[in-house]
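Computed from a predicted structure; not experimentally measured.
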Amino acid sequence: MALTMTAKRRLVTTALLAPASVWLFVFLVLPFIAMVIFSVGERGPAGGYQAAFTFAQYANLPARAAAYWNTLLLAPVGAFFCLVVAYPTAYYLAVKASPRHRLLLVSLVVVPFWTSLLVRTYAWMYILGSRGIPNLLDMIGIADVRLLNTPGAVLLGIVYGYLPLMIMPIYVSLEKLDRRLLEASADLGAKPVSTFFSVTLPLSLPGVMTGVALVTILLLGEYLIPQLLGGGKVFFIGNALVDLFLQSRNWPFGSAIAVTLVAIVVVVLMVAMRIAWRISGTRQVDLI
């Protein structure tokens, strides 16, 4: 009877995991294997892929150094600015806001996701373009101000687009905070600033690491924001991939860049998980 129950549990577990496993294998593992195979091939005479075995595509990666530099610089910087804005917001929502208004305020954080990122980015193109803020500045005598197609515009779009993804994990960590710890700290004579740095911040660091990892990983593959707000002058790895696959049709080189991007994402995730484990003292930290 015990064996029968064990077999039933295994069958149920297999049935529950099978759809997701098949989906991941077909749409994640197999494309990645194809990408690795393409990356050691050659570009065909008319573009595309030609079977070969060479590491020339990886040796040519420095040709896209600007895309790597922009991505590896602006992605963590964007995540940092998201954190700077998100933490006070999440702290207010979780600790200071009244329970009656908290749900409404949290809903307002999520509302931007109800609108397409493309539409919101186009709105920023208008705001930062010649008919937006620069036009207003020109009216008051500040002329020749260019905001669009600059790294600053891309950074602003990143913070605006990814801010909710940083707020929510931090909010969840702070909302689970035991208020009795704050009261005990105050009873022992600690000032609010000391309580924050000795109690609140350490206990919320798993949420901070989750938000930073999530935003950074997504930014490493970002295409839309640098394309629209950077105007082709701020090139990310995602933009390089679109150019190589759809314009120049150099699939092997594009695959080599994609493989290195996956490797970078894996490294970032592993580092974030390791830091989170050390902070929390346990491996029960969710980064996804």
Side-chain angles (χ1 to χ4, degrees), residues 24 28 70-97 102-125 127 151-177 200-201 203-230 234 236-239 261-262 264-277 279-280 284-288:
L24 290 174
L28 183 64
N70 288 334
T71 304
L72 297 179
L73 175 65
L74 290 179
V77 170
F80 171 76
F81 278 108
C82 282
L83 176 61
V84 169
V85 178
Y87 198 99
T89 305
Y91 182 84
Y92 176 80
L93 292 175
V95 179
K96 298 297 184 180
R102 187 173 297 157
L103 181 59
L104 175 61
L105 295 174
V106 172
S107 300
L108 292 177
V109 172
V110 182
V111 161
F113 278 115
W114 298 357
T115 307
S116 169
L117 178 62
L118 177 63
V119 175
R120 289 182 278 139
T121 306
Y122 268 115
W124 275 109
M125 289 180 66
I127 294 171
V154 175
L155 195 59
L156 180 61
I158 285 172
V159 173
Y160 174 77
Y162 287 89
L163 185 60
L165 295 178
M166 183 71 76
I167 291 176
M168 295 312 297
I170 300 175
Y171 167 76
V172 171
S173 282
L174 289 171
E175 209 230 348
K176 293 179 180 178
L177 187 66
T200 307
L201 184 59
L203 293 177
S204 65
L205 282 179
V208 170
M209 291 307 306
T210 301
V212 170
L214 180 62
V215 171
T216 303
I217 289 172
L218 292 176
L219 284 177
L220 289 174
E222 178 60 48
Y223 163 76
L224 182 64
I225 293 175
Q227 179 67 22
L228 296 181
L229 299 182
V234 184
F236 272 37
I237 294 178
N239 304 97
L261 177 61
V262 172
I264 292 171
V265 169
V266 171
V267 170
V268 170
L269 184 59
M270 291 177 62
V271 170
M273 291 178 66
R274 191 171 188 85
I275 293 173
W277 291 341
I279 289 170
S280 64
Q284 301 298 320
V285 178
D286 296 327
L287 287 177
I288 335 181

Could you go through the side-chain contact (heavy atoms from CB on, under 4.5 Å) check for V154 and N70 one step at a time?
CA-CA 10 Å; V154 175; N70 288 334; over 6 Å; no
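- Pairing each heavy atom of V77 with each of L73, the nearest pair is CG2-O, 3.1 Å.
- A distance of 12.5 Å separates CE in M209 from CZ in R274, rounded to the nearest 0.5 Å.
- In plain terms, the two heavy atoms of C82 and V159 that are nearest each other are SG-CA, 3.6 Å.
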Quick one, Y87 with L201, criterion side-chain contact (heavy atoms from CB on, under 4.5 Å). Give me CA distance, side-chain angles, the key distance, then yes/no.
CA-CA 10 Å; Y87 198 99; L201 184 59; 3.8 Å; yes
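- What you find for P226 and N239 is that their closest heavy atoms are CG-OD1, 3.4 Å.
- Looking only at side-chain heavy atoms (C-beta outward), F81 and I158 stay at 4.5 Å or farther from each other.
- Note that OH of Y160 is 8.5 Å distant from OG1 of T121, once rounded to the nearest 0.5 Å.
- The one candidate from L214, T216, I217 that meets the side chain to side chain contact (heavy atoms under 4.5 Å, CB included) condition with L269 is I217.
- Counting only heavy atoms from C-beta outward, the side chains of T210 and V172 never approach each other to under 4.5 Å.
- Residues M168 and V106 meet the side-chain proximity criterion, which asks for heavy atoms closer than 4.5 Å.
- Looking at heavy atoms from C-beta onward, I237 lies out of side-chain contact with L220 at the 4.5 angstrom threshold.
- Taking each heavy atom of L219 and A79 in turn, the nearest pair found is CD1-N, 4.1 Å.
- Checked by atom type and distance alone, the side chain of E222 pairs as donor or acceptor with a backbone atom of L224 at under 3.5 Å.
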Cut-off 3.5 Å, no hydrogens considered: what does the side-chain donor-acceptor table look like for residues 107-117, sequence neighbours left out?
residue	atom	partner	partner atom	Å
S107	OG	L103	O	2.8
S116	OG	L118	N	3.1

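- Nearest heavy-atom pair across L229 and G157 is CD1-CA, 3.6 Å.
- Closest of all the heavy-atom pairs between S204 and L174 is CB-CD2, 3.6 Å.
- Under the 4.5 Å side-chain criterion, counting only non-hydrogen atoms from C-beta, L177 is in contact with T200.
- Here the side chains of I225 and Y162 are in contact, with some heavy-atom distance below 4.5 Å.
- Within the 4.5 Å cutoff, side-chain heavy atoms of L72 are placed close to those of I264.
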